[in-house]
There are 2 protein chains.
Amino acid sequence: MGKTAYQRTSDDTVAPRRDLEGLVGYQLRRVGAQVVKELLRIFGVVGLAPGQFSILMLIAEHPGCFQMDLARLANVDRSTLVPMIERLAQLKFIKRSQSENDRRAFHLQVTARGRKAIDQVMPDLRAFEETLTDAMSAREKTTLLRSLRHVEEALLRP
Amino acid sequence: MGKTAYQRTSDDTVAPRRDLEGLVGYQLRRVGAQVVKELLRIFGVVGLAPGQFSILMLIAEHPGCFQMDLARLANVDRSTLVPMIERLAQLKFIKRSQSENDRRAFHLQVTARGRKAIDQVMPDLRAFEETLTDAMSAREKTTLLRSLRHVEEALLRP
DNA sequence: TATTGTTATACTCTATAACTATA
DNA sequence: TATAGTTATAGAGTATAACAATA
């Protein structure tokens, strides 16, 4: 295979080899974007978008955490969290309580109502999961999850 | 394992099991979002965002296609494509030529300038790829790509 | 009537920079 | 000086609905 990866088709146009199919990063973006559309539908039932639900789960896993903790855990800027936290608080899925040690910060916790929303959505999330993986063996699924973890670690490495 | 997946921590707050880690769809969204950030940097060198580059590649792979073809190939609404196509035309990475059979539609083709942009970006894209997969064996990488294809097929199934 | 592409509009996710209050 | 959170702003990607031109 030569150095130029394209076949000339006319004076000003070219056709490349279809060589993006073998790129993990590129495919992850494509698949991730399609997944988001389904998650929008699933989480929409309780009034949340995928990112908002993701933050709700992080708070549930780290009760009493601060927004700065979430920024680190989700690897997003702290300003990105403001409208998400606001939305969750508006729906009363979380509660904020001012820290006694540091009056700039607020402890975050999932409320009973927030837990209900999670419980309500989880069956659909699991059903979606089965749709995604029903052509895979249990072993293939385990391997996929391990590979995704490897990729995520590589992305977070400085 | 009982039916309730949570341990009560106080009157109004709960802590769930960390059971999203085993969900392929959820992890794909997380990883996909992180990948996009890197792709923004990589494609930004030639003035494109990840979605715009993705459409440029599709046009390169399907010279002469119409916007409706791209909507089907990328699985997005036709209105989503309008600003992307406009951006690519603005940078002279593609050219539009009115179809002689159907004067509503425009054939799309990548220009020499567009090809240069692709060539310029590809080495960085491949380097990013190696970062993502350097903790994987060749076999694991192949398996991951196959799994992603399975997932994508499941997502596009009606 | 149906289709191609556009416009208007809206929402989510992301960021940077500047700000307030507090440490 | 540094940090927690907010505000203002911007860009990207997604959609729905209504429209014009054409089939």
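Here the structure is a predicted model, which means the values were calculated and not measured. So you know, we letter chains A, B, ... as the sequences are listed, proteins then strands, and number each from 1.
In 5' to 3' order, the nucleotides of DNA chain D bounding all contacts with chain A (an atom under 4.0 Å from a heavy atom) are D/dA2 to D/dA15.
Each of A/Met68 and B/Asp102 lies near DNA chain D, and the nucleotide nearest A/Met68 is the one positioned closer to the 5' end.
As rounded to whole Å, 9 Å separates atom P of C/dG5 from atom CD1 of B/Ile85.
For B/Leu73 against A/Arg30, the heavy-atom pair with the smallest separation is O-NH2, 3.8 Å. Closest approach of B/Glu140 and A/Ser147 over heavy atoms only: OE2-OG, 3.0 Å.
Remark: A/Arg103 engages A/Gln98 in a side chain to side chain contact (heavy atoms under 4.5 Å, CB included) (not counting sequence neighbours). Checked against side chain to side chain contact (heavy atoms under 4.5 Å, CB included), A/Lys37 has the following partners two or more places apart in sequence or in another chain: A/Gln34, B/Asn75, B/Val76. The side-chain hydrogen bond (donor to acceptor under 3.5 Å, both in side chains) search around A/Ser54 returns B/Tyr26, not counting sequence neighbours. Applying the side-chain hydrogen bond (donor to acceptor under 3.5 Å, both in side chains) test to A/Arg29 and every residue at least two apart in sequence or in another chain returns nothing.
Between A/Arg96 and A/Glu86 there is a salt bridge, since a side-chain N of the basic residue sits under 4.0 Å from a carboxylate O of the acidic one.
When heavy atoms are screened at a 4.0 angstrom cut-off, A/Arg96 is found touching the sugar-phosphate backbone but no base atom. If you check every strand for non-hydrogen atoms under 4.0 Å, B/Asp69 touches nothing.
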| field | Protein proximity profile, nucleotides 11-21 of chain C - base contact B, sugar-phosphate-only contact S, no contact -, cut-off 4.0 Å on heavy atoms | value | -SSBBBBB--B
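Side chains of A/Asp77 and A/Ser79: a donor-acceptor N/O pair is present below 3.5 angstrom, by distance only.
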